[in-house]
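Following: one structure in structure tokens, then a few remarks.
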Protein chains: 2
Amino acid sequence: MGLTKSEIFTEEQNNIAALAKVLGHPARIAILQHIIKSNSCICGDLVQEIGLAQPTISQHLKELKNSGIIKGNIEGTSVCYCIDQENWSHISATFASFFEFSSSESNCC
Amino acid sequence: MGLTKSEIFTEEQNNIAALAKVLGHPARIAILQHIIKSNSCICGDLVQEIGLAQPTISQHLKELKNSGIIKGNIEGTSVCYCIDQENWSHISATFASFFEFSSSESNCC
DNA sequence: TTTATTCATTGCAATATTACGATTAATATT
DNA sequence: AATATTAATCGTAATATTGCAATGAATAAA
């Protein structure tokens, strides 16, 4: 029904999935890569860089902000976004620990 | 329009996003965690473990398989799934390199 | 004050996803 | 052969997501 039954999963499972979901769109990856590259923060040149309309970029930024991956500062008429360092390393660790599994022999049956 | 404009993004961006998207559902995280834990491969006890109907689990398994994260072996009437080790480490490295960014000073403007 | 500029929000259309009942295909068992 | 078991597929309903035009709110510049 298009409705995720999140109540039957653990908090950790919902958490990892929610984070992955936010990263699950190329526009949001592109936005993050651009923010990382320019280090100095960005506003609406993302619209120029990426080829999407302003409301669309704004929407993606909102999702990234809600998830805690980025944060924004108001600067006069424009808004400046950057990586939320603290959350970033936390999220990075979450994924690293999820992937931490390399027992050589997981022979399939 | 519910339609991702993947043609305007780089292959890398589409790639990371596609992988993250697959991980972007708690059921698929739960399936992966269960496969990892049981190491030995699984089939339909995922239906028991997780509280979703068989067609739903089957659908999630299909997505995981299509993305290359897991692979399945036919075993008589049942199918046995396990982590695709080679792809797993590749995907793990992809995420690790994406998150590899810690320049302490990304002061927001 | 008027006019730009910048960005968020609203509302909508198109498409995608999630979940499942019903069915199907395939191998095992009796 | 008849029946059971396992898992994929089909079809469908409900909900979510993506993208944008239009609009709004807020500050800056004239």
Side-chain angles (χ1 to χ4, degrees), chain A residues 1-9 13-14 17-31 34-35 41-67 70-82 108-109, chain B residues 1-9 13-14 17-31 34-35 41-67 70-82 108-109:
Chain A
M1 318 148 187
L3 178 69
T4 297
K5 286 189 164 178
S6 35
E7 69 279 4
I8 68 172
F9 303 106
Q13 287 160 352
N14 282 316
L19 286 171
K21 197 174 184 180
V22 175
L23 299 179
H25 195 289
R28 294 192 285 269
I29 297 294
I31 289 173
H34 191 266
I35 292 182
C41 307
I42 310 108
C43 341
D45 22 46
L46 284 165
V47 176
Q48 297 262 328
E49 270 290 322
I50 306 168
L52 291 172
Q54 182 269 318
T56 307
I57 296 289
S58 188
Q59 194 176 260
H60 286 304
L61 284 168
K62 190 181 178 184
E63 266 186 272
L64 287 167
K65 210 173 80 178
N66 284 343
S67 73
I70 65 172
K71 55 185 175 181
N73 275 341
I74 301 176
E75 289 242 322
T77 137
S78 70
V79 176
C80 176
Y81 290 97
C82 66
C108 201
C109 302
Chain B
M1 316 151 190
L3 177 71
T4 297
K5 286 189 163 179
S6 34
E7 69 278 5
I8 68 172
F9 303 106
Q13 286 160 352
N14 282 316
L19 286 171
K21 197 174 185 179
V22 174
L23 299 178
H25 194 289
R28 293 192 285 269
I29 297 294
I31 289 174
H34 191 267
I35 293 183
C41 307
I42 309 107
C43 341
D45 21 48
L46 284 164
V47 175
Q48 298 263 328
E49 270 290 322
I50 306 169
L52 290 173
Q54 181 268 319
T56 308
I57 296 289
S58 189
Q59 197 176 259
H60 284 304
L61 284 168
K62 190 182 179 185
E63 267 186 88
L64 287 167
K65 211 174 79 179
N66 284 344
S67 72
I70 64 173
K71 54 185 175 180
N73 275 340
I74 300 175
E75 290 242 323
T77 136
S78 70
V79 176
C80 176
Y81 290 99
C82 66
C108 202
C109 303

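Values below: every heavy atom of this structure, side chains too, minus hydrogens, waters and symmetry copies. In what follows, every chain begins at residue 1, and chains take the letters A, B, ... in the order their sequences are listed.
- As judged by a 4.0 angstrom heavy-atom cut-off over every strand, B:T56 is placed among the base-contacting residues.
- Between A:A27 and A:I74, the one whose closest nucleotide on DNA chain D sits nearer the 5' end is A:A27.
- Proximity of A:K21 to the phosphate of D:dT17: a side-chain N or O atom is located under 4.0 Å from OP1 or OP2.
- If you check every strand for non-hydrogen atoms under 4.0 Å, A:S78 touches sugar and phosphate atoms only.
- Position along DNA chain C of the nearest nucleotide to B:Q59 versus B:Q54 favours B:Q59 as the more 5'-ward residue.
- Heavy atoms only, all atoms of each residue included: A:L52 and A:A27 are closest at CD1-CB, 3.8 Å.
- Using cut-offs of 30° and 60° on the angle between ring planes, the pair A:H60 and A:H25 is tilted.
- Figure legend. C:dA8 is base-paired to D:dT23; pairs are counted as Watson-Crick or G-U wobble with both atom distances under 3.5 Å.
- Heavy atoms of other residues, nucleotides or ligands lying less than 6.0 angstrom from CD1 of B:I8 number more than 12.
- Under the 4.5 Å side-chain criterion, counting only non-hydrogen atoms from C-beta, B:I57 is in contact with B:L61.
- A:T4 comes within 4.0 angstrom of sugar-phosphate atoms only, judged by non-hydrogen atoms across all strands, and of no base.
- Counting to the nearest Å, the P atom of D:dT6 and the CD atom of B:E75 are 13 Å from each other.
- Atoms NZ and SG, on B:K71 and B:C80 in that order, are 10.5 Å from each other to the nearest 0.5 Å.
- Protein atom CG of B:D45 is 11 Å distant from nucleotide atom C1' of D:dT6, rounded to whole Å.
- Contacts of A:L61 with the nucleic acid, taken as non-hydrogen atoms under 4.0 Å apart, are absent.
- Taking atom CD1 on A:I29 and atom C1' on D:dT18, their separation rounds to 16 Å, with Å as the unit.
- Mapping A:T77 and A:R28 onto DNA chain D via the closest heavy atom, the residue that lands nearer the 5' end is A:R28.
- The CG-C1' distance, from A:L3 to D:dT12, rounds to 16 Å in whole Å.
- Reading DNA chain C from its 5' end, the first and the last nucleotide to sit under 4.0 Å from a heavy atom of chain B are C:dA13 to C:dA28.
- For the atom pair CD of B:Q54 and CG of B:L46, the computed distance is 11.0 Å after rounding to the nearest 0.5 Å.
- For the pair A:F9 and A:N14, the tightest heavy-atom approach, listed with the atom from each and the gap, is O-ND2, 3.6 Å.
- Using a 4.0 Å heavy-atom criterion, one finds that B:L52 contacts the sugar-phosphate atoms exclusively.
- Counting to the nearest Å, the P atom of D:dT18 and the CG atom of B:N14 are 13 Å from each other.
- Comparing B:G24 and B:G76 by the nucleotide of DNA chain C that holds the closest heavy atom to each, the one mapping nearer the 5' end is B:G24.
- Per the geometry, CZ belonging to B:F9 stands 10 Å off P belonging to D:dT18, to the nearest Å.
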